[in-house]
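Just so it is clear, the structure is predicted and the values come from calculations on it, not from any experiment. So you know, we letter chains A, B, ... as the sequences are listed, proteins then strands, and number each from 1.
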There are 2 protein chains.
Amino acid sequence: MRTKAVLKAIADDTRLNLVKLLLKHSYCVGALARRLGLTEAAVSQHLKVLREVGLLHGEKRGYFRHYEVNREKLRMLAAELQELAAVQREAGPSEEGGCRLQKQGRGATHKSQKEWVQEACCACHGVRAKRKESERDEHHKCEES
Amino acid sequence: MRTKAVLKAIADDTRLNLVKLLLKHSYCVGALARRLGLTEAAVSQHLKVLREVGLLHGEKRGYFRHYEVNREKLRMLAAELQELAAVQREAGPSEEGGCRLQKQGRGATHKSQKEWVQEACCACHGVRAKRKESERDEHHKCEES
DNA sequence: ATTTTAATTTAGTATTGACTTAATTAGATT
DNA sequence: AATCTAATTAAGTCAATACTAAATTAAAAT
């Protein structure tokens, strides 16, 4: 998700408020600080974060700096979330873990659904005490491209 | 922004990855923990956050719990971001601070653009040392409904 | 009722992030 | 060049957050 950085940037209340303000108007750092009840330094740091993810473009005009919101970044993020919401559920057992290892035939033995699921999902989970860090990578290997 | 909580929830890398996995398949907590290289406790805590914002719905089936992603929440968030991107810039001087106090007529004196801007934006910013906490609320009042 | 199993919760630690003050920088103005 | 002004950065503090290990809970299975 190329827009993950944008997502993180606007997930903060202060930065989201900054974006909203700057969509409507052009405010200087002092004005933004007043409106949000913060110091100019705090506002400046947040503006830096927003610039770094490409959400704001600033340019100096005389003493003051003007910011423009890059609305395209917001639209791209929105589009990616729509795509995410449209991701198709993969075919396969709706049971636990969605593992395919067993399904691909590790043993020819016919197993009940329950047996299959247990092996498929958490073959070694049953014995909790045996679960060691080094075993983790060996446990529960699920195929995934 | 009613979906702010959803925005915050998925702004975390781990929770976003959980959502992506659960959109495609049904995994148990153990399987999720393996795939993300975390403990089951960590995964459980993240799943709780996602449930609390309404992004996941879980139900027990036998020993295992199944999770369904509430895609509608993702769509709503996407829609709000689209709306945000479409917010109209307000009419008014594109100069600093976007303040209207002066514009509404504090003095009848005709001022140059520069003079106007300076007063409008940061009337008291010029004398930095005088800026005290108690003065902040008096400074730079901008009209905003 | 007891045992097993998956998942959650508790408690603690380490890391991250948001804030402030003060110092500094980068222009603009004179 | 000197001064002024807006903004940024450095350094520090504190709160929030993400993790783990261990204990506990909530079912399911026997």
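The shortest distance between the side-chain N/O atoms of Thr39(B) and the OP1/OP2 oxygens of dT20(D) is below 4.0 Å. Remark: Lys48(A) is in phosphate contact with dT9(D), judged by side-chain N or O atoms under 4.0 Å from OP1 or OP2. The shortest distance between the side-chain N/O atoms of Arg51(B) and the OP1/OP2 oxygens of dT8(C) is below 4.0 Å.
Comparing dG27(C), dA22(C), dT8(C) against the side chain of Tyr67(B) picks out dT8(C) as the nearest. Comparing dT8(D), dT9(D), dA18(C) against the side chain of Arg15(A) picks out dA18(C) as the nearest. Closest to the side chain of Ala42(B), from the set dT20(D), dT8(C), dT8(D), is dT20(D). Comparing dA21(D), dA7(C), dA18(D) by their nearest atom to the side chain of Asp12(B) picks out dA18(D). Comparing dT9(C), dA7(D), dA10(D) against the side chain of Cys28(A) picks out dA7(D) as the nearest. Of all nucleotides listed (dT8(C), dT20(D), dT21(C)), dT8(C) comes nearest to the side chain of Val29(B).
With hydrogens and angles ignored, no donor-acceptor pair closer than 3.5 Å exists between the side chain of Tyr63(A) and the base of dT29(C). The base of dT20(D) sits within donor-acceptor range of the side chain of Gln45(B), with an N or O pair under 3.5 Å.
One interatomic measurement links the two molecules: CZ of Phe64(A) to C1' of dG27(C), which rounds to 13 Å at whole-angstrom precision. As rounded to whole Å, 17 Å separates atom C1' of dA18(C) from atom CD of Glu40(A). A straight line from CG of Leu16(A) to P of dG17(C) spans 18 Å, rounded to a whole angstrom. Leu38(B) has its CG atom 15 Å from the C1' atom of dA14(C), to the nearest Å. In this structure, Leu22(B) places its CG atom 14 Å from C1' of dA7(C), rounding to the nearest Å. Rounded to an integer number of Å, the gap from Glu59(A) CD to dG27(C) C1' is 14 Å. In this structure, Leu47(B) atom CG and dT9(C) atom C1' are separated by 14 Å, rounded to whole Å. Summarising the geometry, the separation between OH on Tyr27(A) and P on dA6(D) is reported as 18 Å, rounded to the nearest angstrom.
The shortest heavy-atom contact between Tyr67(B) and Arg89(A) is O-NH2, 3.9 Å. Looking at every heavy atom in both residues, Ala33(A) comes nearest to Val43(A) through CA-CG2, 3.6 Å.
The environment of CD in Gln88(A) is sparse: at most 12 heavy-atom neighbours from other residues, nucleotides or ligands sit within 6.0 Å.
To the nearest 0.5 Å, atoms NE2 (His66(A)) and CG (Leu22(A)) are separated by 11.5 Å. In this structure, Leu77(B) CG and Leu55(B) CG are separated by 9.0 Å, a value rounded to the nearest 0.5 Å.
Along DNA chain C, the nucleotide closest to Lys60(A) and the one closest to Lys8(A) are compared, and the more 5′ of them pairs with Lys8(A).
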